[in-house]
Each structure stands twice: as C-alpha cells, then as structure tokens.
Chemist: 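I have a structure I would like to understand better, so I am pasting it below and will then ask my questions one at a time.
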Amino acid sequence: MGIEAQGGQKTAGANTVAPATGKLGVMVVGLGAVATTFIAGVEAVRRGLAKPIGSLTQMGTIRLGKRTDNQSPLIKDFAPLADLKDIVFTGWDLFEDNVYESAAHAQVLEKGLLDQLKPYLETIKPLPAVFDQYYVKRLHGTHVKTGKNKRDLANQVIADIQAFKKTVDRVVIIWCASTEIFITPSAVHQSIEAFEKGLENNDIGISPSQIYAYAALSEGVPFANGAPNLTVDTPAMVDLSKKNAAPICGKDFKTGQTMMKTVLAPAFKARMLGVSGWFSTNILGNRDGEVLDDPESFKTKEESKLGSLDYIFQPELHPDLYKDLYHKIRINYYPPRGDQKEAWDNIDIFGWLGYPMQIKVNFLCRDSILAAPIALDLVLFMDLAKRTPSLRSIGIQEWLSFYLKAPQSAPGLYPEHDLFIQSMKLKNTLRHIMGADLITHLGLEYYD
Ligand SMILES: NC(=O)c1ccc[n+]([C@@H]2O[C@H](COP(=O)([O-])OP(=O)(O)OC[C@H]3O[C@@H](n4cnc5c(N)ncnc54)[C@H](O)[C@@H]3O)[C@@H](O)[C@H]2O)c1
C-alpha cells in the first residue's frame, strides 16, 4: 500500500457478478407519496421527459485508478445495474387507488406530467395489504388481506411474490409504507424458529412490515426498509437473510434534515469544534406527517433521527466537545404545506477557548423528491447485491448506509453516519466487487 490507488492487485474477480439480464420486478410496499414519485419518475425518465437528478446510479461517476488516469465512468456503466427500461413495478397498499390516483392525491408531481404518464400509471394497481391499525394508528384502510393468523398472512404475501416472479426475471422488495409504532425487540425476534412460532401465535411483536419482510426473505428476495420500523433489524431476519441469500438493508431513507446533519456534524468533528445544542424542528403536511403526528409512530422516527449525532461526535472520545450536547427533534403536522416540508436547525457550537457561535439551517425541501432517487438506487443496488456472490449471503448491506438515517450494521459494530465515509464505503464496495483497485486518497506517489 502507501499509494493513493493501489496498483496491480485486483480485489475481486470482475466476472463473478452476474449480468442484469431480463426484467427486474420491483414490489413496493405502500404506494403513497414516495412510492408514486419514484414510479412516476422512473417512467418520466424512461420516456425522456425528465432527468434522474439525485440518483447516484443514474448520474454518478466513479473514479478508477490514479487522479492522473482521468478515468471516471458512470457507475451504471461500471457495475452491471439493471436498466430502467427493464424495471417492472407492482406493490401493495391498503387503499385501492392505482398509482395515478395515489400520485394525484399526494400532490408531489405536477398534474401536467402525471397526465402524460397516466395510461401507464393507471395500470399499476395495489395488491391488498397486510395491515393492522394497532401498528399505524392514523390509517384506516379496507383493501386488506384477512387470514386465520399472521402465518396465513405471510403465506398470502409469499403467494403474491411467487405469482409476480413468474412474470419477471428477478425481484426486489422495498418498504415505502407508513412508519409503524415503536417496537422493542423481544424473544420472538431472536431466531427464525421463534419468529415462525410467533407467526402461528399472532405474537404482538410481529408487525405487518415484519410479515412482508419474512415473506420476501423466505423467497430469497432482497428487502430494503425505507422507514424507521424494526422490520429487518432483528437477529431472526438477519439469519433468514443470510440463509436464503436475500440481502437486507435499512432503516429510514436519509433525505432532508438528517442528510444535512450527517454532512455538518462531521465537519465540526473534523475541526474539533464543540457542539452544546442542536435543535431540529420540521413542519410537514403529507400523509406521512399525519401518521407521525401519532406519538407511537413519532417515537419510531425520533429514535431513528436521534442516533446520528452520538455516533458521529463520539462524546466518549471527546468529552470536552460533545459530552453535554442537548439534541432535540420535533416533527409538526401542518397540513397547508403538503409534501413541501420545512426544516429548521439551530446549532450552538463553540470554538477556541470555548467562545460560543450559532449556525441556522433552514431547508425548504420536497420530501418525496428527495426520497424517490434513494428508493431507485436502493432497489438497483440491492438487485446488484443479489447477483454478487461476495455480497448476497452476508445479510446486512452496510455499504448502502449512504442512503439511510439509522443504518443497520453487524452486531457489536457501530453504524457509520458520516455521509462522506458512507459514500467512500459505497464506491469502494463497487470497486471491490468489480475487481478494481480500492482508493485510499493517500496520494504520496504524485510527489515522488
Ligand atoms: N419522504 C421522505 O423524505 C422520507 C424520508 C425517510 C423515510 N420516509 C418514510 O417513507 C415512508 C413513506 O413515506 P410517504 O411520504 O410516501 O408516506 P405516505 O403516507 O404518502 O405513503 C405510505 C403509504 O403506505 C401505505 N401503507 C401503510 N401501511 C401499509 C401496509 N402495512 N401495507 C401496505 N401499504 C401500507 C399507506 O396507505 C400509504 O399509501 C414513511 O414511513 C416515511 O416515514 C420518507
């Protein structure tokens, strides 16, 4: 080593990643604002009506070799990702609205664009959902499956997946449904056997998202979790993922406020600036905001949003700078704003000799516009992971932490929250699986 780009040695065989031949079936749980913006967006891009801005898989490049080599192909030309034209969508929801109707209801995309896409979007109609109001208090839906117990419901989801598999070549499932109540892992989550028994006994610790996840993993289908629910973050699901070579990742799309947080906090930490307080508040008026207005769903989101600063600042290593940090997060449901969330952060920092300073961040974002490209990238990378022998049986795809607010990581391993470490991890994983040299950014060889 000792050079910026390690020359000569390849880290893995490029030929080991299977090509993305045929159709990629994408099953989306929850056809609400994020999902419909994702699906309509993919169709708009396929038709050349818009650009896939915000998507690393579609617009990002990856540097190969030394800086002087001038080699930076598009990621999608470097790794064998499914082409957008090969994606086929379906999904589940507890409302019967097709994707056009649901997108119109969400009011994220302009009517003019939606109307151009209408004939296609109308063809995507939700399958009946596994739903129980105990886990999402603010929703009441009628388009739901019924069964004698949770095992029966899981079998119905498995049947949905098997039927869809007959029409495509590969399948990935992504959770874009509402945030469920906070669930603490219990005995039922500790092993596959305990979980399967829990399905038979209708264990209260098993929420609908876990039933979908169980069905996906039982079928060897990758499952990405875009919400902060427990879902695949349990020993039982990690074991099932490994056993059936069905990659998993979660939790919670990292879009607006937390994305900014995981950019700013590493900067303060890198410069050894102290932080005494970080107050984050949001207003949003979409259905997600309504669901999060329920304290039990909010608790799940709060836990997901809170973790990042502690892990980035490492107060145990830097008590003078971060030991007394007061971190507070508020989400306020405010209907007039719809999907156009506004987030404010007040950050109290201190510098040389302890002198205080303040930073204010006011992010007027569009929630689903930020989340849709993340959903696309996760789906494409999870499909890639499934086709990659060195990734498909490892369970958690930690290299996709880049996209997630509360990234899952191996037991005993703290998650990486710093966006730039996550970005490097993602790109080095791609280099690794494609047999290219890893990049260390040392660069002394330029000065020999
Ligand atoms: N938009 C963002 O920036 C962002 C960021 C991070 C996480 N998320 C999460 O993504 C999820 C989706 O957000 P959204 O704005 O699209 O919400 P939304 O309310 O518009 O859509 C969620 C959809 O899921 C459906 N649903 C709920 N439970 C279901 C179940 N058990 N099975 C099938 N369908 C179910 C609802 O009926 C609804 O149509 C939420 O959990 C949200 O917290 C969003």
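Both ligands and their constituent atoms are indexed starting at 1 by order of listing. Keep in mind it's a predicted model, so treat the numbers as computed, not measured.
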Chemist: Heavy atoms only: which of F95, F38, F253, Y403 lies closest to atom 6 (C) of ligand 1?
Modeler: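 Of the listed residues, F253 has the closest heavy atom.
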Chemist: I'd like to know if G141 contacts ligand 1, where contact means a heavy-atom distance under 4.0 Å to any ligand atom.
Modeler: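 Flag not set, G141 not near ligand 1.
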Chemist: Looking at R387 and D383, does any basic side-chain N land under 4.0 Å from a carboxylate oxygen?
Modeler: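 Salt bridge: yes.
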Chemist: Is D203 salt-bridged to K150, going by a charged N under 4.0 Å from an acidic O?
Modeler: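 Looking at K150 together with D203, the answer is no, because their closest N to O distance does not fall below 4.0 Å.
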Chemist: Any heavy atom of K405 sitting closer than 4.0 Å to ligand 1?
Modeler: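 Yes, that is the case, since the closest heavy atom of the residue is under 4.0 Å from the ligand.
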Chemist: As a check for students: among L31, T255, I174, identify the option with a heavy atom nearest to atom 4 (C) of ligand 1.
Modeler: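 Checking each option, the heavy atom nearest atom 4 (C) of ligand 1 is found in T255.
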Chemist: Quick one: does G226 get within less than 4.0 Å of ligand 1, heavy atoms only?
Modeler: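 Heavy atoms of G226 do come under 4.0 Å of ligand 1.
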Chemist: Within a distance under 4.0 Å of any heavy atom of G30, pick out the atoms of ligand 1 and give their elements.
Modeler: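 Those atoms are 23 (C), 24 (O), 25 (C), 33 (C), 34 (N).
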Chemist: For K145, which of D93, D160, D152 qualifies under salt bridge (Lys or Arg N to Asp or Glu O under 4.0 Å)?
Modeler: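 Only match with K145 under salt bridge (Lys or Arg N to Asp or Glu O under 4.0 Å): D160.
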Chemist: Just let me know how A33 lines up against ligand 1, side chain, backbone, both or neither, with a heavy-atom cut-off below 4.0 Å.
Modeler: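 Under 4.0 Å from ligand 1, A33 contributes backbone and side-chain atoms.
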Chemist: Under 4.0 Å between a Lys/Arg side-chain N and an Asp/Glu carboxylate O for R366 and D339?
Modeler: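 D339 and R366: not salt-bridged.
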Chemist: Output yes when the distance from some N or O of ligand 1 to some N or O of D339 is under 3.5 Å, and no in every other case.
Modeler: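 No - when backbone and side-chain N and O of D339 are compared with those of ligand 1, no distance drops under 3.5 Å.
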Chemist: Can you list the ligand 1 atoms lying under 4.0 Å from a non-hydrogen atom of D252?
Modeler: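 Atoms satisfying the 4.0 Å criterion: 6 (C), 7 (C).
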Chemist: I'd like to know whether ligand 1 has Y212 as a neighbour, heavy-atom separation below 4.0 Å.
Modeler: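 True for this residue.
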Chemist: Indicate yes or no: does an N/O atom of V130 lie under 3.5 Å from an N/O atom of ligand 1?
Modeler: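 Yes, at least one N or O pair falls under 3.5 Å.
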Chemist: Regarding atom 35 (C) of ligand 1: of the candidates L94, T300, D367, which has the closest heavy atom?
Modeler: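 Checking each option, the heavy atom nearest atom 35 (C) of ligand 1 is found in L94.
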Chemist: Mind checking whether V291 has a heavy atom under 4.0 Å from ligand 1?
Modeler: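 Checking ligand 1 against V291, which is what was asked, there is no heavy-atom contact under 4.0 Å.
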Chemist: Considering only NZ, NE, NH1 and NH2 on the basic side and carboxylate oxygens on the acidic side, decide whether K360 and D345 come within less than 4.0 Å.
Modeler: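 Salt bridge absent between K360 and D345.
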Chemist: If the cut-off is 4.0 Å to any non-hydrogen atom of A227, which atoms of ligand 1 fall inside it?
Modeler: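 With A227 as reference, the close atoms of ligand 1 come out as 41 (O).
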Chemist: Between K197 and E200, is there a salt bridge with N-O shorter than 4.0 Å?
Modeler: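 No.
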Chemist: Salt bridge between E342 and R337, side-chain N to carboxylate O under 4.0 Å?
Modeler: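 Counted as a salt bridge, because a side-chain N and a carboxylate O are separated by less than 4.0 Å.
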